[in-house]
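Here's the structure, in structure tokens; my notes come after.
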Amino acid sequence: MLVRLTALCAFVGFALSATTPPTTTTTQAEPIDPKDQEAIELCRTKCNGDDCYLSDLYDCRMYVHCKKLASADYQATRMHCAHGTMWAGYENKRAVICANPKNVNCPNNFCAGQPAGYTFKSSKEGDCKTYWECDTDEIPVAKCCETGMEYDELMKMCVADSDNTCQVECPNKLHACASAEAKGALTAAYVGDGNCRLYWD
């Protein structure tokens, strides 16, 4: 009797192991940043074509590029204006224009209510050099720390880069398009960012 019971248990154990499906490991998708999700919704409600540009909901130094996908949904990419400029395409009814902040009606001006000399960091993550300073008219002015210095967000000022970890260079005040310069189209100091539509004084 004992032998039969042992054999039966062994058979049941084999059957269970033979019919149990293998364990699979699933990886969850990276969570979508709420601002990126809102940008997608913005494209869905405001973009009427296959490709358009819209004002960013949070930062005038950025804008949203909407591109329609094969699925008829939109891909939304939050883009940066060149340092020293803010998105003005919506106000000027033009496609891609970033202009001097004094010529832009920014609905979320970070200098509003702040004293002259108040500073805040660049909109680009990892940029340890550039920052903005509010003038007496509450208009943001582009700034960049000197060589050997970095912007400290807590102290809100440029401090010595004692550990030499800030390797970001200040934007060059150079003409972006040599062809336009040759034609005399550019007379101010433009950022060498490869796009002569974006500049700062």
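No experiment lies behind these values; they were computed from the predicted model shown.
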### Task
I would like to know whether Cys145 and Cys158 meet disulfide (SG to SG under 2.5 Å); could you show each step before the answer?
CA-CA 6 Å; Cys145 297; Cys158 292; 2.0 Å; yes
Calculate, to the nearest 0.5 Å, the distance between atoms [atom1] and [atom2] belonging to [X] and [Y] respectively.
{"X": "Met149", "Y": "Cys144", "atom1": "CE", "atom2": "SG", "result": "11.5 Å"}
{"X": "Arg61", "Y": "Asp56", "atom1": "CZ", "atom2": "CG", "result": "10.0 Å"}
{"X": "Lys102", "Y": "Asp135", "atom1": "NZ", "atom2": "CG", "result": "10.0 Å"}
{"X": "Lys46", "Y": "Cys52", "atom1": "NZ", "atom2": "SG", "result": "11.5 Å"}
{"X": "Lys129", "Y": "Glu146", "atom1": "NZ", "atom2": "CD", "result": "8.5 Å"}
{"X": "Met86", "Y": "Trp132", "atom1": "CE", "atom2": "CH2", "result": "4.5 Å"}

### Message
Against Tyr131, only a single residue in Glu150, Lys156, Lys143, Lys121 fulfils side-chain contact (heavy atoms from CB on, under 4.5 Å); can you say which?
### Response
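Exactly one candidate clears the test, Lys143.
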### Query
Is there a side-chain contact between Cys60 and Asn108 (heavy atoms, below 4.5 Å)?
yes
### Query
Between Thr119 and Tyr151, do the side chains contain an N or O donor and an N or O acceptor separated by less than 3.5 Å?
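Yes.
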Can you name the nearest heavy-atom pair linking [X] to [Y], along with the distance?
{"X": "Asp161", "Y": "Asp163", "value": "OD1-OD1, 3.0 Å"}
{"X": "Glu138", "Y": "Ala112", "value": "OE1-CA, 3.6 Å"}
{"X": "Asp152", "Y": "Met155", "value": "OD1-N, 2.9 Å"}
{"X": "Ala99", "Y": "Ala88", "value": "CB-CB, 4.0 Å"}

### Query
Are the sulfur (SG) atoms of Cys43 and Cys66 separated by under 2.5 Å?
yes
### pair check: Cys166 + Cys128, SG-SG < 2.5 Å
yes
### Message
Students often mix this up, so state it plainly: with edges at 30° and 60°, are the rings of His65 and Tyr53 parallel, tilted or perpendicular?
### Response
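Parallel.
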Give a yes or no on whether [X] and [Y] share a hydrophobic cluster (residues Ile, Leu, Val, Met, Phe, Trp, Tyr; joining criterion: side-chain heavy atoms under 4.5 Å apart).
{"X": "Tyr58", "Y": "Val64", "value": "yes"}
{"X": "Phe110", "Y": "Tyr118", "value": "yes"}
{"X": "Leu54", "Y": "Leu57", "value": "yes"}

### Message
Determine whether Trp87 and Asp59 satisfy the following criterion, side chain to side chain contact (heavy atoms under 4.5 Å, CB included), listing intermediate values before the conclusion.
### Response
CA-CA 9 Å; Trp87 173 248; Asp59 197 332; over 6 Å; no
### Query
Is the closest basic N to carboxylate O distance between Glu38 and Lys35 below 4.0 Å?
no
### Query
So Ile139 and Cys111, side chain to side chain contact (heavy atoms under 4.5 Å, CB included) or not? Walk me through it.
CA-CA 6 Å; Ile139 295 176; Cys111 283; over 6 Å; no
### Query
Which is it for Phe120 and Gln114 under the side chain to side chain contact (heavy atoms under 4.5 Å, CB included) test, yes or no, and what are the steps along the way?
CA-CA 11 Å; Phe120 54 95; Gln114 299 294 347; over 6 Å; no
